[in-house]
Amino acid sequence: MNFKIICRVIGFTLIIEAGFMLVPVFICIYDREKSVAEGFLLPILFMCAIAAVLIFYSRRAKKSFYVQEGLVATGLSWIAMSFFGAMPFYLSNQIPSFIDAFFEIVSGFTTTGASILTDVEALSRGLLYWRSFSHWLGGMGVLVFLLAVVPAASRVTGYSMHLMQAESPGPSVGKLTPRLRQTALILYGIYILLTILDVIFLLLGKMPLFEALCTAYGTAGTGGFGVLNSSLGDYSPYLQTVTSVFMWLFGINFGLYFMLLIGKFREFFKNDELRLYFTVTLLSVIFIAFNIKDMSGSFANALHHSFFQVSSIITTTGYSTVDFDMWPSFSKSILLMLMCFGACAGSTGGGIKISRVLLLFKEARRNVRKIMHPRQVEVVTMNREIVDEQVLQNVNSYLGIYCMICMASFVLISVDGFSIGTNFSAVLACFNNIGPGFEMVGASCNYSVFSDFSKLVLTADMLLGRLEIFPILMLFKKGTWTRLR
């Protein structure tokens, strides 16, 4: 394995993180919060020093970069930036436990939105900004950002493609343009544009600029960290509706937005995954609205909260306007299903992904037909194109490992003695990068009740879910660390 090129990736990742940390430092200086500013400056100095050493060490790295290097570099980069990203919370003593601080920032970077904080509003503005911005940075991916801003990335064979495949969500990752750096620039351009539009619409609703930025970061990254203890419950219906719409928009494959930009409207509206995403959302909103109308005062109010919560859960954002744990079992069952479904591949949302659900359904239908007609040759298609059998095998493997990790995590955190509903929804919420679950981890609660051991298990689940399992598992594979060069 080309260890030097992996060090180079980690080095550049730390430089990018250090650069973004300067913004909350300026906020802390403006607010005259010296101790919090120092909590940022020390990690920034450490990151710059470590990055300099890693980049110098890798200056003569061999220009070979394969799938294994891509997976390991991605896994290590995310662990490294999470470790240093947690330091400001810990050093400022606003989160006294490092495990809690690590849980919080991993939840931010993985766009989970699960929190151990009992009083969010007690945090300084600098930490609130960093907490919300971690969603934005982790949503599209820090390594995709690296590919977009570092021209040298394209000089190493396979570098760009393997990093993007390791970090980007979905059963398969393709290029929008012949050059992957240009693809990364387009993706981030669309991402930034949608974020700016979200901020503008929030400002039109008279939301303060700081709160608008933090809310937009959480919406764009489909993360869900809010700056108020009530999440979005205390904001106006207009602001809640704006957030509902943008959450849903950020759950769409960004490649489809590129199709709109180049005039391929037919391909956009006939995309199989988008159609299923729209259909599942629409039906879920209608069913829940009818189910909760008696407890919402009016059907219009029920529709409003139903659309917000469905958009929040299916995109794995995690914002809330009401305590949906108080809803009837039928509505909560639909939300539980949406937790697993997730958003579209190529979006900032988590979960299994709508495309995988669609492929699993189509393959199951094909297998049933094969039983009835053994000699019939049938292929699985998506968007009028034949799906490669290797992609179908990867989807099946992913689902199998997904179920095993969920079961193992459920058993491990059960040692804390909480109810099955709490433990099961906590695992699903963390592994699918959603945030709130049910019962003791519901919309009005948090994860502070769990032991340090359970928090570490759930932290691992968040990383596994965001990176789609394999980059983290590769770090524990026998033979990964042999033949370093």
* Do the rings of Phe410 and Phe424 sit parallel, tilted or perpendicular, given the 30° and 60° boundaries? -> perpendicular

Value for OG (Ser134) from CD1 (Ile105), rounded to nearest 0.5 Å, stands at 4.0 Å

Only residue of Thr348, Thr112, Thr111, Thr222 satisfying side chain to side chain donor-acceptor pair (under 3.5 Å) with Asn433 is Thr112

(message) Given 3.5 Å as the limit, does a donor-acceptor pair link the side chain of Arg131 with the main chain of Gly226, or not?
(response) yes

Which of Glu468, Glu363, Glu273 passes salt bridge (Lys or Arg N to Asp or Glu O under 4.0 Å) with Arg356? It is Glu468

For Ser355 and Ala345 the tightest heavy-atom approach is OG-CB, 3.5 Å

side-chain contact (heavy atoms from CB on, under 4.5 Å) test vs Asp198 passes for just one of Thr219, Leu213, Leu203, namely Thr219

Before you tell me yes or no, could you show the steps for Thr315 and Trp248 under side-chain hydrogen bond (donor to acceptor under 3.5 Å, both in side chains), namely the whole-Å CA-CA distance, both residues' side-chain angles and the distance that decides it to 0.1 Å? CA-CA 7 Å; Thr315 60; Trp248 194 84; over 6 Å; no

The reported gap from CG in Leu428 to SG in Cys406 (rounded to nearest 0.5 angstrom) is 5.5 Å

Is the backbone N or O of Ser320 less than 3.5 Å from a side-chain atom of Ser231, with the two atoms forming a donor-acceptor pair by type? yes

Run the ring-centre check on Phe418 versus Phe450 and record whether the distance is less than 6.0 Å. yes

**Item:** Geometric class of the Phe133/Phe20 ring pair [parallel <30°, tilted 30-60°, perpendicular >60°]
**Value:** tilted

Which of Phe102, Phe98, Phe109 passes ring pair (Phe, Tyr, Trp, His ring centres under 6.0 Å) with Phe83? It is Phe98

Practice problem: Without swapping roles, check the side chain of Ser107 against the backbone of Phe103 for a donor-acceptor pair under 3.5 Å. | Solution: no

query = Around atom CD1 of Ile386, are there more than 12 heavy atoms of other residues, nucleotides or ligands at under 6.0 Å?
reply = no

task: Measure from the side-chain N and O atoms of Ser92 to the backbone N and O of Phe89, and report whether any donor-acceptor pair falls under 3.5 Å.
output: yes

One should read off an interatomic distance between Ile190 CD1 and Phe250 CZ, to the nearest 0.5 angstrom, of 11.0 Å

Q. Checking Lys353 against Phe341: charged group under 6.0 Å from the ring centre and within 45 degrees of the axis?
A. no

Before giving the answer on side chain to side chain contact (heavy atoms under 4.5 Å, CB included), spell out for Val427 and Leu458 the whole-Å C-alpha distance, their side-chain angles and the decisive distance to 0.1 Å. CA-CA 7 Å; Val427 169; Leu458 294 173; 4.3 Å; yes

Asp416 bridged to Lys455 by N-O distance under 4.0 Å = no

**Prompt:** Relative to Phe210, does Arg125 satisfy both conditions: NZ or CZ under 6.0 angstrom from the six-membered ring centre, and within 45 degrees of the ring's axis?
**Reply:** yes

Step by step, work out the side chain to side chain contact (heavy atoms under 4.5 Å, CB included) result for Asn383 and Lys270. CA-CA 7 Å; Asn383 301 322; Lys270 288 200 170 184; over 6 Å; no

Quiz item: Are Arg59 and Phe56 in a cation-pi contact, defined as NZ or CZ under 6.0 Å from the six-membered ring centre and within 45° of the axis?
Solution: yes

CD1 (Ile50) and CD1 (Ile15) are apart, to the nearest 0.5 Å, by 11.5 Å

**Backbone of Leu249 reached by a side-chain donor or acceptor of Tyr257 within 3.5 Å** = yes

inquiry  = Regarding Arg366 and Glu389, does a basic nitrogen lie under 4.0 Å from an acidic carboxylate oxygen?
reply    = yes

So, Asn271 side chain and Leu274 main chain: donor-acceptor pair closer than 3.5 Å or not? yes

* Should Phe40 and Leu127 be marked as a side chain to side chain contact (heavy atoms under 4.5 Å, CB included) after you check the CA-CA gap, both sets of side-chain angles, and the distance that decides it? -> CA-CA 9 Å; Phe40 279 102; Leu127 287 174; 3.6 Å; yes

Those residues at least two apart in sequence (or on a different chain) that pass salt bridge (Lys or Arg N to Asp or Glu O under 4.0 Å) with Glu267 are none

Has His135 got a side-chain atom pairing as donor or acceptor with Gly108's backbone, closer than 3.5 angstrom?
yes

For Ala51 and Gly11 the tightest heavy-atom approach is CB-O, 3.3 Å

Heavy atoms of Ser425 and Val441 approach each other most closely as OG-CG2, 3.7 Å

Can you confirm whether the side chains of Ser115 and Asn446 place a donor and an acceptor under 3.5 Å from each other? no

**Q.** Ring geometry between Tyr188 and Tyr191 (parallel below 30°, tilted from 30 to 60°, perpendicular above 60°)
**A.** perpendicular

All heavy atoms of Val415 vs all of Phe453, minimum pair found to be CG2-CD2, 4.3 Å

Are Phe84 and Phe46 near enough that their ring centres are under 6.0 Å apart?
-> no

Closest non-hydrogen contact found for Tyr319 with Gly218 is OH-CA, 3.4 Å

Exercise for the section: With ring-ring contact (aromatic ring centres under 6.0 Å, His included) as the test, would you mind laying out the steps for Phe265 and Phe268 before giving the verdict? Expected result: CA-CA 5 Å; Phe265 301 106; Phe268 178 87; 8.3 Å; no

Does a side chain donor of either Asn432 or Tyr402 reach within less than 3.5 Å of an acceptor in the other side chain? yes

Inset, instruction - Would you please test Phe225 and Tyr217 for ring-ring contact (aromatic ring centres under 6.0 Å, His included) and show each step? - result: CA-CA 9 Å; Phe225 277 155; Tyr217 291 150; over 10 Å; no

Heavy atoms of Ala101 and Ile95 approach each other most closely as N-CG2, 3.5 Å

Could you go through the side chain to side chain contact (heavy atoms under 4.5 Å, CB included) check for Ser124 and Leu128 one step at a time? CA-CA 6 Å; Ser124 70; Leu128 280 175; over 6 Å; no

